Amino acid sequence: MNVLTIIAVAVCVLAPGAFCESSTVAWCYHNSSCSDSTWPTIAPLHCNGTRQSPINIASANATENKNLTEFTFEGYDNKSALATIENTGETVKVNFSAGIKISGGALSESYDSLQAHLHWGNGTAEPGSEHTVDGKRFPMELHIVHSKSTYNRNATLAVKDSEGLAALGFFIEELTGVDDQPASWKTLTSYLSNISNAGGNKTIHDNISLDDLLSGVNRANYYRYLGSLTTPTCNEAVVWTVFKEPIKVSKNLIDLFSTSLHIKNSTSLMVNVYRSTQPSQPVSTQPKASSSTKSGYSLALMTFALIMARY
Ligand SMILES: *[C@@H]1O[C@H](CO)[C@@H](O)[C@H](O)[C@H]1NC(C)=O
Ligand SMILES: *[C@@H]1O[C@H](CO)[C@@H](O)[C@H](O)[C@H]1NC(C)=O
Ligand SMILES: *[C@@H]1O[C@H](CO)[C@@H](O)[C@H](O)[C@H]1NC(C)=O
Ligand SMILES: *[C@@H]1O[C@H](CO)[C@@H](O)[C@H](O)[C@H]1NC(C)=O
Ligand SMILES: *[C@@H]1O[C@H](CO)[C@@H](O)[C@H](O)[C@H]1NC(C)=O
Ligand SMILES: *[C@@H]1O[C@H](CO)[C@@H](O)[C@H](O)[C@H]1NC(C)=O
Ligand SMILES: *[C@@H]1O[C@H](CO)[C@@H](O)[C@H](O)[C@H]1NC(C)=O
Ligand SMILES: *[C@@H]1O[C@H](CO)[C@@H](O)[C@H](O)[C@H]1NC(C)=O
Ligand SMILES: *[C@@H]1O[C@H](CO)[C@@H](O)[C@H](O)[C@H]1NC(C)=O
Ligand SMILES: *[C@@H]1O[C@H](CO)[C@@H](O)[C@H](O)[C@H]1NC(C)=O
Ligand SMILES: *[C@@H]1O[C@H](CO)[C@@H](O)[C@H](O)[C@H]1NC(C)=O
Ligand SMILES: *[C@@H]1O[C@H](CO)[C@@H](O)[C@H](O)[C@H]1NC(C)=O
Ligand SMILES: [Zn+2]
């Protein structure tokens with residue numbers, strides 16, 4: 001097979017198509033001539049940097065930071081916000097319409113939500129999340145990509161700021177015991193057979209929101225670190241938020257990603273689309289129930305016991 005038939009020519013830096021810059025880097029996941037071990041050589045400017053993503057998160061090493069408050073999600077409930085779904089040749093990407101944003105979560109300002117895409121392995125049998133936690137790799141990982149509102153979606157400016165982008169990572173794990181669940185993921189994956197070839201895209205019907213795709217996930221608990229884009233050109237411009245609780249999706253729907261999509265100019269299926277973990281970075285997280293809460297709780301219990309004792 002000619003290398004040109006399998007490499008992906010990325011004119012764009014982030015889940016290709018979303019962030020374009022002048023340089024062109026031919027990268028791929030699977031041919032040894034352009035797979036991730038070559039990225040530090042073929043895209044040395046950033047891919048050979050010192051705060052590269054993804055990483056393994058050692059949960060016991062995460063420092064406690066009480067500043068890591070909850071996010072405010074604006075437009076995540078909008079059932080018209082997911083505009084298109086596209087096979088980029090390296091992933092499946094969903095573009096959002098304007099007006100979706102996040103703030104809070106210890107971010108310095110609000111960030112516009114631009115797109116979401118996924119990373120996966122080979123069905124539920126071979127997991128393919130990018131981040132790992134204590135060495136555990138999950139079946140899939142959803143990335144929701146945002147850029148600092150000040151930059152008004154200008155990627156050139158955003159990638160020059162060490163915190164210009166904010167990525168939310170959600171693990172996806174198998175929901176056992178049921179097929180075709182949840183409904184939002186059944187709807188989303190129903191498009192995959194229609195974008196089986198690279199470059200294919202579809203307009204999304206007006207009935208799934210980001211909240212629907214994230215349903216059941218506690219978004220107050222997450223890991224935070226500063227890292228990079230996980231595809232060339234690997235710019236070190238990303239504030240990463242990796243949520244602890246996974247989204248649960250049934251096996252039959254997870255399997256559709258590794259069986260429905262083809263890579264660029266090829267009959268090969270799109271499998272194992274994730275970068276290897278990079279050297280670890282300082283990670284922080286919310287404090288465990290603080291001592292003041294604990295003593296408040298026991299005080300409340302004591303008060304309750306005293307009140308009860310009077311009756
Ligand atoms: C990988 O690319 C090389 C050219 O650099 C090509 O000769 C080889 O056949 C490709 N391998 C596969 C598995 O496609
Ligand atoms: C790959 O496909 C694109 C269109 O999808 C085409 O423009 C390009 O020439 C093809 N490249 C090769 C090497 O076949
Ligand atoms: C998604 O957005 C990117 C960046 O704005 C654009 O290049 C791409 O063409 C869009 N995809 C579709 C299918 O509209
Ligand atoms: C990457 O950086 C390391 C350490 O700075 C250096 O030893 C290595 O030669 C660099 N590799 C490339 C391809 O630039
Ligand atoms: C936790 O951090 C310490 C000190 O940086 C390091 O030696 C250790 O390997 C880390 N633990 C894990 C599981 O990564
Ligand atoms: C929390 O925020 C305060 C005020 O911005 C800052 O001074 C402090 O260093 C932050 N703490 C941590 C652990 O980042
Ligand atoms: C939901 O998104 C659509 C498409 O961008 C927009 O037209 C509509 O005003 C939004 N609805 C709300 C309530 O913001
Ligand atoms: C993916 O799994 C299928 C069977 O489930 C197997 O036939 C195929 O070889 C696997 N592909 C890779 C790249 O491991
Ligand atoms: C982004 O900002 C740069 C620098 O200010 C400017 O040259 C470029 O034209 C802008 N791009 C877009 C798409 O507005
Ligand atoms: C969205 O609409 C499609 C058909 O219009 C339907 O099959 C699907 O169940 C709906 N999904 C949700 C999450 O309501
Ligand atoms: C996918 O394509 C088939 C026909 O090729 C069509 O019946 C179906 O409605 C399409 N589904 C979506 C979600 O566009
Ligand atoms: C989306 O697909 C249509 C064909 O269905 C194609 O004409 C169009 O160029 C594609 N758009 C993008 C942005 O790839
Ligand atoms: Zn990603």
Side-chain angles (χ1 to χ4, degrees), residues 8 10-16 18-29 32-65 67-68 90-91 105-109 111 117 119 128-138 141 143-148 150-151 154-169 171 222-244 272-285:
V11 272
C12 304
V13 292
L14 182 68
F19 280 87
C20 296
E21 63 169 29
S22 49
S23 63
T24 298
V25 180
W27 62 274
C28 66
Y29 285 109
S32 56
S33 68
C34 50
S35 62
D36 64 357
S37 61
T38 71
W39 298 354
T41 311
I42 65 176
L45 189 56
H46 307 296
C47 297
N48 197 25
T50 54
R51 51 169 263 203
Q52 289 290 294
S53 295
I55 58 167
N56 173 54
I57 295 167
S59 61
N61 271 6
T63 58
E64 298 191 345
N65 182 346
N67 294 352
L68 299 174
E90 300 92 19
T91 186
L107 297 173
S108 59
E109 58 168 280
Y111 284 69
H117 62 268
H119 298 270
S129 66
E130 292 216 294
H131 291 95
T132 58
V133 177
D134 299 330
K136 177 187 161 78
R137 194 178 294 286
F138 291 79
E141 188 170 333
H143 287 162
I144 308 181
V145 182
H146 303 73
S147 81
K148 233 179 216 182
T150 335
Y151 299 132
N154 183 323
T156 314
L157 294 174
V159 297
K160 283 185 182 147
D161 177 338
S162 68
E163 301 191 8
L165 301 169
L168 306 185
F171 295 121
Y222 56 83
Y223 297 107
R224 165 63 49 80
Y225 78 97
L226 297 178
S228 75
L229 301 179
T230 67
T231 58
T233 46
C234 314
N235 301 62
E236 298 185 330
V238 184
V239 181
W240 273 101
T241 301
V242 177
F243 291 86
K244 295 183 182 179
N272 300 323
V273 283
Y274 62 91
R275 186 188 194 187
S276 313
T277 52
Q278 305 295 307
S280 65
Q281 300 296 332
V283 174
S284 56
T285 190

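Here the structure is a predicted model, which means the values were calculated and not measured. The figures here come from the full heavy-atom set of this structure, side chains too, leaving out hydrogens, waters and symmetry mates.
The nearest pair of heavy atoms linking Val25 to Pro232 is CG1-CB, 4.1 Å. When every heavy atom of Asp161 is checked against every heavy atom of Lys148, the shortest pair comes out as OD2-NZ, 2.8 Å. Closest of all the heavy-atom pairs between Ser35 and Ser32 is OG-CA, 3.8 Å. For the pair Phe243 and Phe171, the tightest heavy-atom approach, listed with the atom from each and the gap, is O-CD1, 3.7 Å. Residue Val159 comes nearest to Ala237 through the heavy atom pair O-CB, 3.6 Å, listed as atom of the first residue, atom of the second, then distance.
Evaluation of the side-chain contact (heavy atoms from CB on, under 4.5 Å) rule for Gln52 yields Cys47, Ser228, Cys234, Glu236, Arg275, Gln278 as partners, not counting sequence neighbours. Judged as a ring pair (Phe, Tyr, Trp, His ring centres under 6.0 Å), and not counting sequence neighbours, Tyr111 has no contacts. Tyr225 meets the side-chain hydrogen bond (donor to acceptor under 3.5 Å, both in side chains) test with Ser53, His131; sequence neighbours excluded. Scanning for side-chain hydrogen bond (donor to acceptor under 3.5 Å, both in side chains) contacts around Thr132 gives Asn56, with sequence neighbours left out. In this structure Ser59 satisfies the side-chain hydrogen bond (donor to acceptor under 3.5 Å, both in side chains) test together with Asp134, sequence neighbours excluded. The ring pair (Phe, Tyr, Trp, His ring centres under 6.0 Å) test applied to Tyr151 returns no partner, not counting sequence neighbours. Shown here are the salt bridge (charged side-chain N to carboxylate O under 4.0 Å, His left out) partners of Glu64, two or more places apart in sequence or in another chain: Lys288. Under the rule for a side-chain hydrogen bond (donor to acceptor under 3.5 Å, both in side chains), the partners of Ser276 that lie at least two apart in sequence or sit in another chain are Asp36.
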Ile55 vs Val283, side-chain contact (heavy atoms from CB on, under 4.5 Å): CA-CA, chis, key distance, verdict: CA-CA 10 Å; Ile55 58 167; Val283 174; 3.8 Å; yes
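Between Val238 and Leu229, the closest side-chain pair of non-hydrogen atoms falls below 4.5 Å. Residues Thr38 and Trp27 have side chains not in contact (no heavy-atom distance under 4.5 Å, counting atoms from C-beta outward).
Between atom OG1 of residue Thr285 and atom CG of residue Asn65 there is a gap of 9.0 Å, rounded to the nearest 0.5 Å. Note: Thr231 OG1 to Trp39 CH2 = 6.5 Å, rounded to the nearest 0.5 Å. Interatomic distance, Tyr274 OH to Thr91 OG1, rounded to the nearest 0.5 Å: 14.5 Å. A distance of 8.5 Å separates OG in Ser284 from CG in Leu226, rounded to the nearest 0.5 Å. Atom OG1 of Thr241 is separated from atom CG of Leu107 by 6.0 Å, given to the nearest 0.5 angstrom. Here CG of Leu165 is found 8.0 Å from CG of Asn235. Values are rounded to the nearest 0.5 Å.
Within the cation-pi definition used here (under 6.0 Å to the ring centroid, within 45° of the axis), Lys244 does not qualify as a partner of Tyr222.
Inspection of the His119 and Glu141 side chains reveals no N or O donor paired with an N or O acceptor under 3.5 Å. Looking at Arg137 and Ser129, their side chains never bring a donor and an acceptor atom within 3.5 Å of each other.
Residue pairs that meet the salt bridge (charged side-chain N to carboxylate O under 4.0 Å, His left out) test with at least one member in residues 38-60, sequence neighbours left out, do not exist here.
No donor-acceptor distance shorter than 3.5 angstrom exists from the side chain of His146 to the backbone of Ala167, with no hydrogens or angles considered. Side chain of Arg224 to main chain of Trp240: a donor-acceptor pair is present (N/O by atom type, distance under 3.5 Å, no hydrogens or angles).
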